[in-house]
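The block underneath contains the structure these notes are about, expressed in structure tokens.
Remember, predicted model here, so these are calculated numbers, not experimental data. We're numbering straight along the sequence, starting at 1. Remember, it's 1-based here, ligands and their atoms both numbered in the order they're listed.
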Amino acid sequence: MVPLVVEATRERAWETLNRYTKSEALLRHALAVEASVRAYARKFGQDEELWAATALLHDFDYEIHPTLDKHPQDGAPILTERGYPDWFVRAILSHANHLDLERASQLEKTLFACDELAGFVHACGLVRPTGIDGLEPKSVKKKLKQPSFAAGVHRDEVYAGAEGLGIELDDHIRNVIESMQPIASELGLRTAADAEEANA
Ligand SMILES: [Fe+2]
Ligand SMILES: [Fe+2]
């Protein structure tokens with residue numbers, strides 16, 4: 001039976017994500033990437049809801065498929081079964097470098113550019129008393145050059161992502177930081193206000 005194609009709303013994506021993902025760290029990663037991709041949708045005049053839904057689900061199967069011989073390719077049929085449209089599933093597949101898919105749409109380029117960098121900015125925020133408040137691109141770039149810091153983040157993908165998007169790395173880093181700031185506490189990050197309170 002051909003599944004019915006559903007509308008990829010943010011609400012539906014969140015429900016699908018939570019069905020397959022219990023880990024708080026993974027949920028937070030999804031939210032961080034969502035915030036960044038959503039900010040770019042706004043900047044580019046694209047559909048925020050659709051872009052946010054795609055970003056939310058890009059790693060939805062990582063908990064059940066934690067290795068690259070399965071993630072995200074074995075997750076894709078699950079999304080199709082649940083009625084997500086082909087372009088949506090394709091965008092999610094395209095974030096995985098090992099699948100060698102050309103990133104054709106602006107959404108695909110944006111998702112790829114935000115995935116590793118949002119993870120990295122998140123990691124930078126976790127080790128700072130003020131989280132990502134006051135975090136500057138300069139210090140993010142410095143940390144990118146320290147291989148032992150957040151070693152799981154592929155630096156080459158961070159650089160290639162910004163290039164594919166056609167945005168200067170400094171500007172891209174700043175955009176990602178700013179997009180995550182409003183949801184810092186949901187991401188488990190401290191804020192400048194928390195630090196102030198602790199010092200009072
Ligand atoms: Fe992934
Ligand atoms: Fe990811």
Side-chain angles (χ1 to χ4, degrees), residues 8 10 13-14 16-41 50-80 82 84 86-126 132 140 143-144 149-165 167 169 172-173 175-177 179-180 183-184 186-189:
R10 199 271 177 196
W14 181 246
T16 303
L17 176 65
N18 280 275
R19 187 182 290 263
Y20 295 93
T21 304
K22 306 295 166 203
S23 140
E24 188 170 57
L26 265 178
L27 290 172
R28 284 174 171 168
H29 172 62
L31 289 170
V33 178
E34 181 203 10
S36 312
V37 169
R38 181 189 280 278
Y40 275 114
L50 290 180
W51 282 39
T54 315
L56 262 188
L57 286 180
H58 81 282
D59 280 339
F60 92 98
D61 71 326
Y62 197 74
E63 206 167 287
I64 54 170
H65 302 143
T67 51
L68 293 185
D69 59 334
K70 293 207 163 83
H71 165 75
Q73 56 272 34
D74 287 9
I78 301 177
L79 293 177
T80 303
R82 304 200 78 85
Y84 288 94
D86 287 347
W87 65 264
F88 185 96
V89 178
R90 208 244 178 227
I92 286 177
L93 284 170
S94 78
H95 90 270
N97 245 358
H98 64 278
L99 298 181
D100 258 333
L101 288 174
E102 192 202 344
R103 292 179 194 99
S105 70
Q106 207 170 16
L107 168 61
E108 291 173 354
K109 290 176 186 165
T110 304
L111 176 61
F112 179 69
C114 291
D115 184 14
E116 295 292 284
L117 185 57
F120 194 79
V121 165
H122 205 165
C124 291
L126 287 171
I132 54 175
V140 174
K143 284 213 154 52
L144 280 168
F149 182 81
V153 173
H154 298 104
R155 273 51 174 181
D156 50 340
E157 294 188 12
V158 171
Y159 303 129
E163 211 181 299
L165 203 53
I167 296 190
L169 185 59
H172 184 39
I173 294 172
N175 290 339
V176 166
I177 294 171
S179 73
M180 288 166 56
I183 57 158
E186 279 172 76
L187 299 178
L189 294 168

Of the N, O or S atoms in His95, the one nearest the Fe ion (ligand 1) = NE2
query = Would a line drawn from the ring center of His58 to the ring center of His29 be shorter than 6.0 Å?
reply =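 His58 vs His29: aromatic centres under 6.0 Å.
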inquiry  = the Fe ion (ligand 1) and Asp115: any N/O/S contact shorter than 2.8 Å?
reply    =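 No, outside the cut-off.
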message = Looking at the Fe ion (ligand 1), is there an N, O or S atom belonging to His58 that lies under 2.8 Å away from it?
response = no
message = Working note: Tyr40 + His172, criterion side-chain hydrogen bond (donor to acceptor under 3.5 Å, both in side chains); need CA distance, chi angles, decisive distance, verdict.
response = CA-CA 10 Å; Tyr40 275 114; His172 184 39; 2.6 Å; yes
query = Under 3.5 Å, side chain of Thr21 to main-chain N/O of Phe60, donor-acceptor pair present?
reply =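 Checked: pair present.
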ask   = Are the side chain of His122 and the backbone N or O of Val33 linked by a donor-acceptor pair below 3.5 Å?
value =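 Flag not set: sc His122 to bb Val33 has no pair under 3.5 Å.
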request  = Search all heavy atoms of Ala150 against all heavy atoms of Ala123 and return the closest pair with its distance.
outcome  = CB-CB, 3.8 Å
key: Asp59, N/O/S atom nearest the Fe ion (ligand 2)   =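 Closest N, O or S atom of Asp59 to the Fe ion (ligand 2): OD2.
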remark   = The N/O/S atom of His29 lying closest to the Fe ion (ligand 2) is NE2
